[in-house]
There are 2 protein chains.
Amino acid sequence: MNDDLRGAAIRVERPAKTLRELALDKVREAIVNGYFRPGDRLVERDLCAQLGVSRTIVREVLRHLESEGLVANLPNKGPIVALLDLGEAKQIYEIRGALEGMAARLCAEQGNPAIADALDKSLQDIRNSYQDRDMPGVLAHTSSFYQTLFSMVDRHVAWGVVNLLTVRINHLRSMTIKTENRGVQGPAQMARIVDAIRRGDGPGAYQAAMDHVASASAIAEAVLSGQQSID
Amino acid sequence: MNDDLRGAAIRVERPAKTLRELALDKVREAIVNGYFRPGDRLVERDLCAQLGVSRTIVREVLRHLESEGLVANLPNKGPIVALLDLGEAKQIYEIRGALEGMAARLCAEQGNPAIADALDKSLQDIRNSYQDRDMPGVLAHTSSFYQTLFSMVDRHVAWGVVNLLTVRINHLRSMTIKTENRGVQGPAQMARIVDAIRRGDGPGAYQAAMDHVASASAIAEAVLSGQQSID
DNA sequence: ATAAGTATCTTGGTACGCCATAATACGGCT
DNA sequence: AGCCGTATTATGGCGTACCAAGATACTTAT
């Protein structure tokens, strides 16, 4: 076991990623940032060619994405990129509200100033990204903000759920953050969460997190019903 | 279209389930009710033989269960039945509390007496199962109770999340319900949820649902730490 | 007895082939 | 010309066989 410890120090961190995992990431990413659009068919043999892997891998990847809700399987027709229904999107925002609110409350009750400091740092990254019009950066840092929220109170299961649900509404997210004033209101609402946490105000943090998600949901609904014709 | 209606009546209801789905259900069930124990290795070719299907299917099934959290994949060793650690179990109970509380509150705010009636019916089923010492029945009807809670307010996404998480703690559930007095306390706590819903008391319903899960969590923790040596 | 080499087990991954079904194109018949 | 039945194609569902590489157990030679 001593050997284990010494070995660990110099262990060569191999990628360790299997081909399947790489392919999974590629396809998920392709869906999430719109290379494949909702409703597009995902023909197994075509994906094999595009990814350069065998059908076995492609099938496993499709199964995985199916269980993530990113891909739907039509009987006798095959897999397509899942269509996002407005009602479902609202449900996802609602769940995020419940879980992020919970995490925020727990952070506040923790009474550890380091939490609020870490969140402030993420928040500043978000503001900077908005200023630079770097929208992918906004999304990434927003994710990072919430990941901090969950991981600071050791709630990785809840974080996993939130993450899982979030990829399904990713294109909605990228639309909401481009909305007028969102670059100001969003960070302001998140700052309220951080403030409540710093004050140790559990219910306040909960409410602030709920409010933030609720406003995102409202914007998403407006955007989605406005663009219904395009879909 | 008239033809459709007449045709539907005599349509031969094909299984429509693919072999993969059947195999998935079999393996999931085998894990959930303990035929495969946590930590057991799931050797692909053995599963092929036991299920009577090809490796293609088995691999897809294992991937699927992996993304459900029921199966873990050790690098260079292969899949095993996921081990449940206490902290994770507590997190799952906590999430269930948040979501079931949310659903209960929504049910109460709905102001539809049919909801409470339907829940009462499930509750009676649970009581009967307890009386008959039919533990699988208790679990099934408890699931049904919560499914009603979610589906009555059209929250199938949240129900999906709860369901997903619940299978991971299934063996804990089957232990908690065998606890002394649980056959009385459990239904009593659930009755409080139903009462609050019938009164239209949103916060009360929320709190009652939280309390029920919290007590289940406490029992699970006691059971788990008591049996730690057996694991 | 021990270190080195070897065999075995198992997964990761690939290639190929077969069958069933749905959709489409085609071609013959009236 | 128009319609109906058939052939073809596209595609998913499923199976088999094979190879490479890592891990582990087992020999064997010194």
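All chains are named by letter (A, B, ...) in the order of the sequence lines, taking the proteins before the strands, and each is independently numbered beginning at 1. Keep in mind the model is a prediction, meaning the values are calculated, not measured.
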Please report, rounded to the nearest Å, how far the [atom2] atom of [N] is from the [atom1] atom of [X].
| X | N | atom1 | atom2 | result |
| --- | --- | --- | --- | --- |
| Leu24(B) | dC14(D) | CG | P | 12 Å |
| Glu60(A) | dT14(C) | CD | P | 10 Å |
| Leu47(B) | dC14(D) | CG | C1' | 17 Å |
| His64(B) | dG13(D) | NE2 | P | 14 Å |
| Leu19(A) | dG22(D) | CG | P | 15 Å |
| Glu44(A) | dA15(C) | CD | C1' | 15 Å |
| Arg45(A) | dA15(C) | CZ | P | 14 Å |
| Leu74(A) | dT21(C) | CG | P | 18 Å |

Would one find a side-chain N or O of [X] under 4.0 angstrom from OP1 or OP2 of [N]?
| X | N | result |
| --- | --- | --- |
| Lys77(B) | dC9(C) | no |
| Asn76(B) | dA23(D) | yes |
| Arg20(A) | dG12(C) | yes |
| Arg63(A) | dG13(D) | yes |

With heavy atoms under 4.0 Å as the rule, sort [X] into base, sugar-phosphate or nothing.
| X | value |
| --- | --- |
| Thr56(B) | base |
| Leu62(B) | nothing |
| Leu42(B) | sugar-phosphate |

- Examine the base of dG13(D) for any acceptor or donor lying under 3.5 Å from a partner atom in the side chain of Arg55(A), and report the outcome as yes or no.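 It does, because a donor-acceptor pair links the side chain of Arg55(A) to the base of dG13(D) below 3.5 Å.
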- Query: Under 3.5 Å, side chain of Ser122(A) to main-chain N/O of Leu119(A), donor-acceptor pair present?
  - Reply: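 Not a single qualifying donor-acceptor pair exists.
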- Message: Quick check against the 3.5 Å criterion: does Glu44(B) have a side-chain atom that pairs as donor or acceptor with the backbone of Pro79(B)?
- Response: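 Not confirmed, Glu44(B) side chain does not pair with Pro79(B) backbone.
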- Ignoring the backbone of Val43(A), work out which of dT14(C), dT10(C), dT11(D) is nearest its side chain.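 Closest nucleotide to the Val43(A) side chain: dT11(D).
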- Message: One pair to check against side-chain contact (heavy atoms from CB on, under 4.5 Å): Leu164(A) and Val161(B). What are the steps and the verdict?
- Response: CA-CA 10 Å; Leu164(A) 193 69; Val161(B) 171; over 6 Å; no
- Message: Let me spell it out: for each of Arg59(B) and Asp46(B), pick the nucleotide of DNA chain C with the closest heavy atom. Which residue's pick is nearer the 5' end?
- Response: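 Nearest-nucleotide comparison on DNA chain C picks Asp46(B).
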- Task: Look at Glu66(B) together with Arg63(B) and state whether they make a salt bridge at an N to O cut-off of under 4.0 Å.
- Result: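 Answer for the salt bridge query: yes.
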- Tyr146(A) and His212(A) aromatic ring geometry - parallel, tilted or perpendicular at 30°/60° bounds: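 If you compare the ring of His212(A) with that of Tyr146(A), the planes turn out parallel.
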